[in-house]
Amino acid sequence: MIVGGFGVGKTTMVRSVSEIRPLSTEETMTQAGVGIDQGPQGKTTTTVAFDFGRISLDERMVLYLFGAPGQERFWFLWDRLFSGTLGAVVLVDTRRLSDSWYAIDRLEHHGTPFIVARNNFEPPAHDLSQVRDALDLSPHVPLIDCDARRRDSSKQVLISLVDHLYSLSTARENQP
């Protein structure tokens, strides 16, 4: 699951890394959304349900990617999308960090493990420790940089998520 605020790059990330042509529910924004959907300047499209992509890890194992809609009016879909989710990426844009709080809150509420990826559309104005403090992230939550437009960068984010999930699983198995 890839979650985050409106316009942070969730659709872009799914598109950049999926091995199949992603299913996208992106639609042109209309006047009906003016004053409701507060995204970055110049954004002309919006995800109205979810994005879906896939990565085959081997012949039997597949990673399914779901990009959740970022606008507040579609947040009711998130709880359904979280059902069965093994882990999530919270994609953040440091120009609008507060847009990430709801995603982090919902994941913590569901007990869904997650990592945070700072999407660098432009050179970052804050270092990662400042982002960690601003989001009030626990020290055990991985925080990494990425550029969702680049396949190699998006792939590294997903590898970091899988590594985090593996570490959590191993730690649980080793507990008495």
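All heavy atoms count here, side chains included; hydrogens, waters and symmetry mates do not.
- Atoms CG and OH, from L161 and Y166 in turn, are 15.5 Å apart once rounded to the nearest 0.5 Å.
- Smallest separation of non-hydrogen atoms from A88 and T112: N-CG2, 4.4 Å.
- The nearest pair of heavy atoms linking S18 to G53 is OG-CA, 3.3 Å.
- Shown here for R96 and G7, the closest heavy-atom pair between the two residues is NH2-C, 3.7 Å.
- Contact check for N120 versus C146: no side-chain heavy atoms found under the 4.5 Å cut-off.
- One hydrophobic cluster, built from ILVMFWY side chains closer than 4.5 Å, holds both V62 and I20.
- Side-chain contact check for M13 versus L91: some heavy-atom pair is nearer than 4.5 Å.
- Evaluation of the salt bridge (Lys or Arg N to Asp or Glu O under 4.0 Å) rule for D136 yields no partner, not counting sequence neighbours.
- Under the 4.5 Å side-chain criterion, counting only non-hydrogen atoms from C-beta, L107 is in contact with V90.
- Evaluation of the ring-ring contact (aromatic ring centres under 6.0 Å, His included) test over residues 109-138, restricted to residues two or more places apart or in two chains, returns F82-H110.
- For the atom pair CZ (R15) and CZ (R149), the distance works out to 14.0 Å, reported to the nearest 0.5 Å.
- Taking all atoms of both residues into account, the shortest heavy-atom contact from V141 to R132 is O-NH2, 2.9 Å.
- When only modelled atom types and interatomic distance are considered, D93 and N119 share no side-chain donor-acceptor pair under 3.5 Å.
- Using modelled atom types and a 3.5 Å distance limit, the side chains of S153 and D147 yield no donor-acceptor pair.
- One distance of note links OH of Y64 with CD1 of I55; it measures 12.0 Å at 0.5 Å rounding.
- Side chain of N174 to backbone of T170: a donor-acceptor contact under 3.5 angstrom is found.
- Residues S154 and S16 have side chains that bring a donor and an acceptor to within less than 3.5 angstrom of each other.
- Contact annotation: the side chain of Y102 never approaches that of V3 to less than 4.5 Å [non-hydrogen atoms, C-beta and beyond].
- At a threshold of 4.5 Å between side-chain heavy atoms, the hydrophobic network of Ile, Leu, Val, Met, Phe, Trp and Tyr places V162 and L57 in two separate groups.
- Using modelled atom types, one side-chain atom of R151 and one backbone atom of V17 make a donor-acceptor pair closer than 3.5 Å.
- Results of the side chain to side chain contact (heavy atoms under 4.5 Å, CB included) test with I115 over L143, L165, D163, V157 single out V157 as the only residue that passes.
- Side chains of W101 and L135 form a contact here, defined as non-hydrogen atoms less than 4.5 Å apart.
- Q130 CD to D133 CG: the interatomic distance, rounded to the nearest 0.5 Å, is 8.0 Å.
- Taking the side chain as every heavy atom from C-beta outward, V131 and T94 approach each other to under 4.5 Å.
- Electrostatic pairing of R150 and D152 counts as a salt bridge here, judged by a charged N lying under 4.0 Å from a carboxylate O.
- Counting all heavy atoms, side chain and backbone alike, I144 lies closest to S160 at CD1-OG, 3.6 Å.
- Listed here is the closest heavy atom pair of A68 and K10: O-CE, 2.7 Å.
- Looking at I2 and V14, their side chains come closer than 4.5 Å, going by heavy atoms from C-beta outward.
- Side-chain contact between L65 and R54: absent, with no pair of heavy atoms (C-beta onward) separated by less than 4.5 Å.
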